[in-house]
Amino acid sequence: MTDPLNPGIAPAGNFIEQIIRDDLATGRVQKVVTRFPPEPNGYLHIGHAKSICLNFGLAAQYGGDCHLRFDDTNPEKESQEYVDAIVADVQWLGFAWSGEVRYASDYFGQLYQWALYLVDNGLAYVCELNGEQMRDYRGTLTQPGRPSPFRDRPSSESRTLLEAMRRGEVAEGAMTLRAKIDMASANINLRDPVLYRVRKVAHHRTGSDWNIYPSYDFAHGQEDAIEGVTHSVCTLEFAANRPLYNWFVEHLPLPSQPRQYEFGRLNLTHTMTSKRKLKQLVDEGVVDGWDDPRMPTISGLRRRGVSAAAIRQFCNSLAVAKTDGVVDIAQFEHFIRDDLNNNAPRAMCVINPLKVVVTNCQQGELLTVANHPNRPELGERQLPFDAELYIDAGDFSEDTTLSRKKFKRLVIGDYVRLRGGYIIRADEVVRDSDGAIAQLNCSLVEGTVGADGPDGVRPRGVIHWVSAIRSQPAELRLYDRLFNSPEADGGDGELLEQINPDSLKVVANARVEQSLGDAALGVTYQFEREGYFTREDSAGEQLVFNLTIGLRDSGRGQG
RNA sequence: UGGGGUGUCGCCAAGAGGCCUAAGGCAACGGGUUUUGAUCCCGUCAUUCGGAGGUUCGAAUCCUCCCACCCCAGCCA
């Protein structure tokens, strides 16, 4: 698609791109600079992926730079573990930031100088109201606030006090530095917001250098200005903070004038994208950790077998707008399947083994099968075929009245194709002492590997199988959605009650084809007719596969 | 309630006064192909744009009023 007026240039895709095009056209901006600014207080999730794709994508599309900058202004909640995990996730997603990884804490010195500047110019003051008092003075949504009794103290006094705060001579909570803006503003964010608070906590990067830390509002825009960020893209809930963001841009001698734009964050049904709540699941042991395959975190999705490309494609399919909707998880799943269908090597795994004895099989052999039905370049592999096989118990029924259309599997007296191998006929059921089905005796039709059967031999369908003697035992971890309710992000409190008790089912006795014995880590396979699976890293030598996602199933089948 | 934002098919979403008796994707539902009940292919799926008025030859697009939902009263981000 090209713009007929500007051949070769794609039309502006969303409102932010339109703004960027205008800025580039009018010369307000020479080079686009964006940033992805996570707080290292948790792991990245699918919602962040949208922001990452947007910010890095914008920079790439318009020949600009995108920075990775940690907004590490609250040492109480932040840690190096999170920094490391976030860096790894952004890299895994396939993005490269411009320059070094940056940190808000790199700018603490400059930020402090600017705080002093505001104090000296009568635009900020040290306030001694405690939390409760400050809330009281702030007023409500409908009533204006009242000025703090410390609002008009001499700037020299504020300066002395701020310096004392910085040296650690003031108790936590005893004083704050506040901007002097407008206690009667209809926008509560402008009612003398806190710029610095006393926190005698070691910071993961600056150690004990600081006893005061800047607030988000005082830090973010200035960080952008220092880095020359031109378009500071954030989510909708910061819209009310924009006037404050701009206030600093106007009142501080900043090296550049960044602008903030807000878009609607990604919400997914059956998914929770709140770092606070995800941390709760981790802390309470509801899941295995931040990278539990059921988590909507980048690391969880990775462990689950979802590719970075699928995440990127999904994110790029999302609209960048100001509506706050909820995307159906099915839309994400579509992109996961689409990517996997195109790229996953095929293999066979029998989840619920039923022994089949091929009574007319003289000796075992090696069949050659394609790794992908329509991508020959993905190669072939050898598949052992023997007189003893396993098929899935669900692929056999004793009900011989089932129609061919309704049950495309094995019944006594009829034929079925073994995927990549022979057509076989089920001849008899062998039972154990309890009367349960112990084994199936079948016979193969000679000459049907890679060829149709003779007249009268029309298989009902195609089923998967493995050799009983030349296959491997494996454990399967079958995941389902963590939350029953589509509105997982909804209310508070009842978080645990929404958890799907069957979000993990372990199948201990599956059998996988021989070639999967050395299945590579990080590769997602399609177990034919079942779903996509990837090898679990933490299981060591043991063969354990995590279910990424099942195949699309047009119903009507059973088990 | 004061301020800010949003309302187009079940979900996401194009749409910037006539080309809209409204794109596209997901989902759903029919049908075809198929050695995966997968993939793929074909088809169906909003006379209507939160509601009511108005302006106009003409409105989802402009005006007015109303309704609904989201965000803001952390020394979180």
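Naming: A, B, ... by sequence-line order, numbering from 1 per chain.
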> When you check every protein heavy atom under 4.0 Å of nucleotides 71-76 of chain B, what one-letter string (B, S, -) results, 5' to 3'?
Replying inline: SBBSBS
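For A239(A), the listed nucleotide lying nearest its side chain is G4(B); candidates were A38(B), G37(B), G4(B). Side-chain proximity of T323(A) to G7(B), A77(B), U1(B): nearest is G7(B). Of the listed nucleotides (U39(B), G37(B), G25(B)), G25(B) has the atom at the smallest distance from the side chain of Q331(A). Closest approach to the D328(A) side chain among G37(B), U1(B), C11(B) is made by C11(B) (side chain taken as heavy atoms from C-beta onward). For V327(A), taking side-chain heavy atoms from C-beta onward, the closest of the listed nucleotides C12(B), A27(B), U36(B) is C12(B). Checking U1(B), C40(B), A38(B) against every side-chain atom of P373(A), the shortest atom distance belongs to A38(B).
A28(B) and A46(B) have their C1' atoms separated by 15 Å, with the value rounded to a whole Å. Using P as the reference atom, A60(B) and G54(B) are 15 Å apart when rounded to the nearest Å. Taking atom C1' on both nucleotides, U21(B) is separated from C49(B) by 13 Å, rounded to a whole Å. Between G43(B) and U36(B), the distance separating the two P atoms is 24 Å to the nearest Å. Only the P atoms considered, G53(B) is 25 Å distant from U6(B), to the nearest whole Å. The C1' atoms of G7(B) and G51(B) are separated by 11 Å, rounded to the nearest whole Å. A22(B) sits 12 Å from U61(B) when the C1' atoms are compared, rounded to a whole Å. For the P atoms, the distance linking G32(B) with U48(B) amounts to 34 Å, nearest Å.
Base orientation for G74(B): syn, the chi torsion being within 90° of 0.
Along RNA chain B, the nucleotide nearest to D71(A) and the one nearest to G450(A) differ in position, and the one closer to the 5' end is contacted by G450(A). Nearer to the 5' terminus of RNA chain B, by closest-nucleotide assignment, is the contact made by S317(A) (compared with the other of R346(A) and S317(A)).
Nucleic acid contact class of V416(A) (heavy atoms, under 4.0 Å, all strands): none. Contact annotation for R552(A): backbone-only contact, meaning every heavy-atom pair under 4.0 Å involves sugar-phosphate atoms and none involves a base. Nucleic acid contact for A451(A): base, since at least one base atom lies under 4.0 Å from a heavy atom of the residue. Residue contacts for T448(A): at a heavy-atom cut-off of 4.0 Å it reaches a base atom on one of the strands shown. Residue contacts for K322(A): at a heavy-atom cut-off of 4.0 Å it reaches the sugar-phosphate backbone alone, with no base atom in range.
Residues F238(A) and Y245(A) keep their aromatic ring centres 6.0 Å or farther apart. For an aromatic pair to be called close, the ring centres must be under 6.0 Å apart, and F108(A) with H203(A) satisfies this. Two rings, from Y125(A) and F150(A), have their centers 6.0 Å or more apart.
Spacing between atom CG of L268(A) and atom P of C12(B) amounts to 12 Å, rounded to whole angstrom units. One can place CG of N371(A) at 14 Å from C1' of U36(B), the figure rounded to the nearest angstrom. One atom, CZ of R417(A), and another, P of G37(B), lie 13 Å apart when rounded to the nearest Å. Counting to the nearest Å, the C1' atom of A38(B) and the NE2 atom of H372(A) are 10 Å from each other. Distance, H48(A) NE2 to A77(B) P: 14 Å, rounded to whole Å. Note: NE2 (H270(A)) to C1' (C11(B)) measures 11 Å, nearest angstrom. The separation between K405(A) atom NZ and U33(B) atom C1' is 14 Å, rounded to whole Å. F335(A) has its CZ atom 14 Å from the P atom of A13(B), to the nearest Å.
Between the S105(A) side chain and the D72(A) main chain, no donor and acceptor come within less than 3.5 Å of each other. Listed for the D71(A) side chain is no donor-acceptor partner under 3.5 Å among the backbone atoms of E39(A). The main-chain N or O of S397(A) is never found under 3.5 Å from a side-chain atom of R409(A) such that the two would form a donor-acceptor pair.
U21(B) is unpaired under the criterion used here, namely a Watson-Crick or G-U wobble arrangement in which both key atom distances are under 3.5 Å. Across all strands shown, nothing is found opposite A38(B) as a Watson-Crick or G-U wobble partner with both distances under 3.5 Å. The partner of U64(B) is A52(B), judged by Watson-Crick or G-U wobble contacts that both fall below 3.5 Å.
A donor N or O paired with an acceptor N or O is not found under 3.5 Å between the base of U36(B) and the side-chain atoms of E530(A). If you check distances only, the side chain of R337(A) never reaches the base of U39(B) with a donor-acceptor pair under 3.5 Å.
Salt bridge annotation for D395(A)-R529(A): present, with a cationic side-chain nitrogen under 4.0 angstrom from a carboxylate oxygen. Comment: E223(A) engages R69(A) in a salt bridge, judged by a side-chain N to carboxylate O separation of less than 4.0 angstrom. With respect to R481(A) and E333(A), a salt bridge is recorded, a charged nitrogen being found less than 4.0 Å from a carboxylate O.
The aromatic rings of F218(A) and F248(A) sit perpendicular to each other, their planes meeting at more than 60°, with 30° as the lower class boundary.
Side-chain nitrogen and oxygen atoms of H334(A) include at least one within less than 4.0 Å of the OP1 or OP2 phosphate oxygen of C26(B).
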